[in-house]
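One structure is given below, encoded as structure tokens.
Counting convention: from 1, in listed order, for ligands and their atoms alike.
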Amino acid sequence: MSRDLKIALFPGTFDPPSLGHLNIIERAVEICDVLLVAVACNPDKEKTGFFSLEEKLEMLRAITRRFPKVEVTSFEGLTAEFAQRKQIRFLIRGVRNLADVATEFQMASANRYLGSIETLFLMADERYSYVSSSLIRTIAKLGGSIAKFVPPEVEMLIQRK
Ligand code: COA
């Protein structure tokens with residue numbers, strides 16, 4: 001990828017992607033030329049995760065179809081190493097609250113030391129600051145409505161599941 005383009009990587013577990021994640025994507029495409037949305041694939045977690053890697057990719061592709069700047073992919077291993085392989089210098093992360101800041105600060109520092117990767121933080125929209133993937137999974141498992149937390153494409157896939 002060209003060094004002249006402002007390419008950013010938005011890594012995550014996306015189990016499943018939520019309206020909060022989509023809001024971060026919508027805002028990130030305003031500040032970069034290409035946004036790589038990448039599912040971090042942890043083979044151990046894959047066994048315990050609710051959605052398979054294929055399902056996560058399908059959901060992310062469906063909800064980002066309208067953004068020409070977005071590419072959806074996945075990776076194994078360290079985020080910093082993946083970013084380096086792709087010659088990406090910027091990560092995008094959303095922060096929802098002070099607890100997120102603490103963990104994100106640690107990850108951002110590690111990624112800077114591991115691969116000279118800078119992390120750009122976007123504050124989560126207050127409408128989604130309490131939304132989390134585990135909350136969505138719990139509501140879905142118990143048969144509740146998740147329409148207020150996920151894009152319609154994701155809701156359809158979860159209903160199918
Ligand atoms: N809106 C809604 N939810 C959000 C959110 C937002 N803006 N930002 C974070 N979340 C929630 C998710 O819903 C999820 O909730 P859950 O814990 O209830 O499931 C949680 O925050 C985290 O999810 P997500 O942002 O999808 O991914 P993550 O924080 O699990 O991703 C990685 C972390 C993948 C970036 C990190 O673990 C990583 O880099 N892994 C690769 C290995 C590595 O390099 N490790 C060393 C890092 S220094």
Side-chain angles (χ1 to χ4, degrees), residues 8-32 35-64 67 70 72-86 88-142 144 146-151 153-155 157-158 161:
L9 172 65
F10 181 26
T13 306
F14 303 114
D15 192 33
S18 67
L19 282 174
H21 289 125
L22 182 59
N23 178 258
I24 297 294
I25 293 169
E26 280 167 350
R27 290 158 57 202
V29 292
E30 296 293 322
I31 55 173
C32 60
L35 179 68
L36 208 59
V37 178
V39 181
C41 169
N42 175 344
D44 295 334
K45 245 188 172 178
E46 184 72 357
K47 288 175 207 132
T48 53
F50 191 64
F51 293 97
S52 69
L53 174 62
E54 280 317 311
E55 288 169 329
K56 291 178 195 175
L57 292 172
E58 186 186 340
M59 290 188 276
L60 283 169
R61 289 198 179 109
I63 68 176
T64 60
F67 302 111
V70 172
V72 174
T73 188
S74 64
F75 67 98
E76 274 183 35
L78 290 174
T79 299
E81 283 181 4
F82 175 69
Q84 277 185 320
R85 277 203 302 282
K86 293 279 181 186
I88 297 177
R89 291 168 45 226
F90 303 106
L91 296 191
I92 298 284
R93 293 288 290 165
V95 286
R96 295 163 298 172
N97 48 43
L98 285 177
D100 277 358
V101 172
T103 44
E104 292 295 336
F105 186 89
Q106 191 185 29
M107 275 205 291
S109 304
N111 285 326
R112 199 149 51 81
Y113 282 104
L114 284 169
S116 303
I117 314 290
E118 289 291 352
T119 303
L120 308 180
F121 293 107
L122 297 180
M123 276 177 63
D125 188 301
E126 59 278 3
R127 283 172 299 169
Y128 310 120
S129 59
Y130 66 96
V131 175
S132 76
S133 297
S134 50
L135 178 101
I136 294 164
R137 292 195 301 272
T138 303
I139 296 171
K141 277 182 200 161
L142 297 175
I146 51 165
K148 289 204 169 98
F149 311 115
V150 296
E153 298 90 337
V154 172
E155 190 189 7
L157 196 138
I158 293 177
K161 200 171 162 85

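In the vicinity of His21, heavy-atom distances shorter than 4.0 Å reach the ligand 1 atoms 1 (N), 4 (C), 10 (N), 12 (C), 13 (O), 24 (P), 25 (O), 26 (O). Close contacts between ligand 1 and Thr79 involve ligand atoms 38 (C), 39 (O), 40 (N), 41 (C), 43 (C), 44 (O) [criterion: under 4.0 Å to a heavy atom]. Atoms of ligand 1 found under 4.0 Å from any heavy atom of Val131, numbered from 1 in the order shown, are 2 (C), 3 (N). Distances below 4.0 Å separate heavy atoms of Gly20 from the following atoms of ligand 1: 1 (N), 2 (C), 6 (C), 7 (N). Near Ala40, meaning under 4.0 Å from one of its heavy atoms, ligand 1 places the atoms 34 (C). Residue-ligand proximity, Phe14 to ligand 1, at heavy-atom distances under 4.0 Å covers atoms 26 (O).
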Checklist entry - After noting the C-alpha distance and the side-chain angles of Glu58 and Leu157, does the key distance pass the side chain to side chain contact (heavy atoms under 4.5 Å, CB included) rule? => result CA-CA 9 Å; Glu58 186 186 340; Leu157 196 138; 3.5 Å; yes
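The minimum heavy-atom distance between Lys56 and Asp15, with the atom names listed, is CE-OD1, 3.5 Å. Shown here for Ile146 and Ile136, the closest heavy-atom pair between the two residues is CG2-O, 3.8 Å. Between Gln84 and Gly115, the closest heavy-atom pair is NE2-CA, 3.4 Å. Of all heavy-atom pairs spanning Ala147 and Glu155, the tightest one is CB-OE2, 3.6 Å. In terms of heavy-atom proximity, Ile24 sits nearest to Gly94 at CD1-CA, 3.7 Å. Looking at every heavy atom in both residues, Pro16 comes nearest to Ile158 through CG-CD1, 4.1 Å.
Using a distance-only test at 3.5 Å, with no hydrogens or angles considered, a donor-acceptor pair links the side chain of Ser52 to the main chain of Glu55. In terms of modelled atom types and a separation under 3.5 Å, the side chain of Arg137 and the main chain of Phe51 share no donor-acceptor contact. In this structure, the side chain of Arg93 engages the main chain of Pro11 through a donor-acceptor pair within 3.5 Å. Of the possible polar contacts, none joining the Arg89 side chain to the Glu118 backbone as a donor-acceptor pair under 3.5 Å is found.
Below 3.5 Å of separation, one finds no N or O of Glu104 facing any N or O of ligand 1. Considering backbone and side-chain N/O atoms, Thr13 comes within less than 3.5 Å of an N/O atom of ligand 1. Any N or O atom pair closer than 3.5 Å counts here, and Asn111 shares no such pair with ligand 1. Any N or O atom pair closer than 3.5 Å counts here, and Ala80 shares no such pair with ligand 1. Checked by distance only, ligand 1 and Tyr128 stay at 3.5 Å or farther apart across all their nitrogen or oxygen atoms.
Residue contacts with ligand 1 include Arg137, since one or more of its heavy atoms lies under 4.0 Å from the ligand. Residue contacts with ligand 1 do not include Asp15, since none of its heavy atoms lies under 4.0 Å from the ligand. Using a 4.0 angstrom heavy-atom cutoff, Glu81 does not count as in contact with ligand 1.
Contacts between Arg96 and ligand 1 below 4.0 angstrom, taking non-hydrogen atoms only, involve the side chain exclusively. When non-hydrogen atoms are compared, ligand 1 lies under 4.0 Å from the side chain of Ser18 (C-beta onward) but not from its backbone. Contacts of Ser134 with ligand 1, taken as heavy-atom pairs under 4.0 Å, involve both backbone and side chain. Of all the heavy atoms of Ala110, the ones lying under 4.0 Å from any atom of ligand 1 belong exclusively to the side chain. With a heavy-atom cut-off of 4.0 Å, Leu78 touches ligand 1 through backbone and side chain alike.
A parallel orientation is assigned to the rings of Phe75 and Phe82, their planes being inclined by less than 30° (bins at 30° and 60°).
Residue nearest to atom 42 (C) of ligand 1, selected from Pro11, Gly77, Ser129: Gly77 (by heavy-atom distance). Comparing Ile24, Asp125, Leu19 by heavy-atom distance to atom 7 (N) of ligand 1, the nearest is Ile24.
More than 12 non-hydrogen atoms from other residues, nucleotides or ligands lie less than 6.0 angstrom from CG of Leu142.
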